[in-house]
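Since the structure comes first, as structure tokens, the remarks are kept for the end.
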Amino acid sequence: MATDAKKIAAFTALLQENLNNWIAKHGESLLELQQQLGDDDEKDAAAIEGWLQQRQDLYDQYTAKLAPRKRTLSLSNNEMGVGGSKPPGKDNSLATLIEQAVKNNTNLETSDPSPEPDRETPQS
């Protein structure tokens, strides 16, 4: 059985792989999920799995990510290194990642394209 940290890592990896698609389809509900997340990995993993179970296609991708794979020597961001230290890398929480992703992609589809800076705009 996967640990809570691995469940969170699998969800985070899926989110990053399909960010634009997830934001377009699930932006509002991702923000609701983000509000449920805190510092407790067990509660966060349960909230994530509950959210994913309501979206079968995403849940199937998630469970595939959790399937046991051949171990490599590299550590993921959620695994501990020597002496319990974390390997170098991004130290963003999942809630922060979701918030930043939604903020960065919210206005992409609704904003008007801006004119290219090299082009002259017609004057009336």
Side-chain angles (χ1 to χ4, degrees):
M1 179 174 232
T3 65
D4 294 329
K6 287 185 180 185
K7 291 175 182 180
I8 293 169
F11 176 78
T12 302
L14 279 175
L15 178 64
Q16 290 174 334
E17 288 172 9
N18 303 302
L19 186 61
N20 292 334
N21 188 32
W22 280 41
I23 298 299
K25 290 183 179 179
H26 310 288
E28 291 295 319
S29 62
L30 271 172
L31 287 175
E32 292 171 10
L33 173 63
Q34 186 246 340
Q35 297 297 317
Q36 297 175 30
L37 301 176
D39 293 333
D40 185 338
D41 282 356
E42 185 176 352
K43 289 179 182 177
D44 290 352
I48 288 167
E49 287 194 323
W51 186 86
L52 286 167
Q53 287 172 349
Q54 296 173 9
R55 294 150 186 89
Q56 191 62 45
D57 58 328
L58 298 179
Y59 187 72
D60 292 342
Q61 293 174 35
Y62 167 77
T63 54
K65 277 267 189 217
L66 285 177
R69 289 182 254 153
K70 187 177 178 180
R71 286 292 280 177
T72 63
L73 293 177
S74 64
L75 298 175
S76 75
N77 282 342
N78 291 329
E79 293 180 310
M80 293 295 159
V82 177
S85 64
K86 282 191 168 185
K90 293 182 181 176
D91 194 22
N92 287 340
S93 71
L94 181 58
T96 304
L97 177 67
I98 292 171
E99 182 179 358
Q100 289 172 348
V102 172
K103 281 182 182 177
N104 291 338
N105 289 293
T106 299
N107 296 325
L108 289 180
E109 293 187 27
T110 58
S111 64
D112 292 331
S114 57
E116 293 180 24
D118 296 358
R119 292 183 141 174
E120 292 182 22
T121 54
Q123 297 178 2
S124 325

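Note that these values count all heavy atoms, side chains included, but never hydrogens, waters or copies made by symmetry.
Partners of Asp60 under the side-chain hydrogen bond (donor to acceptor under 3.5 Å, both in side chains) rule, at least two apart in sequence or in another chain, are Gln56. Gln34 is linked by a side-chain contact (heavy atoms from CB on, under 4.5 Å) to Leu31, Ala95, Ile98, Glu99, counting only residues two or more places apart in sequence or in another chain. Not counting sequence neighbours, Glu32 has no partner by the side-chain hydrogen bond (donor to acceptor under 3.5 Å, both in side chains) test. Qualifying side-chain contact (heavy atoms from CB on, under 4.5 Å) partners for Gln54, counting only residues two or more places apart in sequence or in other chains: none. With sequence neighbours left out, the side-chain contact (heavy atoms from CB on, under 4.5 Å) criterion links Gln36 to Leu33, Ala47. In this structure Glu49 satisfies the salt bridge (charged side-chain N to carboxylate O under 4.0 Å, His left out) test together with Lys7, sequence neighbours excluded. The salt bridge (charged side-chain N to carboxylate O under 4.0 Å, His left out) test applied to Glu42 returns no partner, not counting sequence neighbours.
Counting only residues at least two apart or in different chains, salt bridge (charged side-chain N to carboxylate O under 4.0 Å, His left out) contacts with residues 18-27 are absent. Within the structure, ring-ring contact (aromatic ring centres under 6.0 Å, His included) contacts touching residues 16-42 (residues at least two apart or in different chains) are Phe11-Trp22, Trp22-Trp51, His26-Trp51.
Here the straight-line distance linking atom CG of Leu15 with atom CG of Asn21 works out to 11.0 Å at 0.5 Å rounding. For the atom pair Tyr62 OH and Leu66 CG, the distance stands at 4.5 Å (nearest 0.5 Å). Residue Glu28 holds its CD atom at 10.5 Å from CD1 of Ile23, rounded to the nearest 0.5 Å.
Put simply, the side chain of Ile48 reaches to within 4.5 Å of the side chain of Ile8, judged on heavy atoms. Considering only heavy atoms from C-beta on, Asp4 stays 4.5 Å or farther from Asp44 through its side chain.
Residues Leu14 and Gln61 share a closest heavy-atom pair of CD1-C, 3.7 Å.
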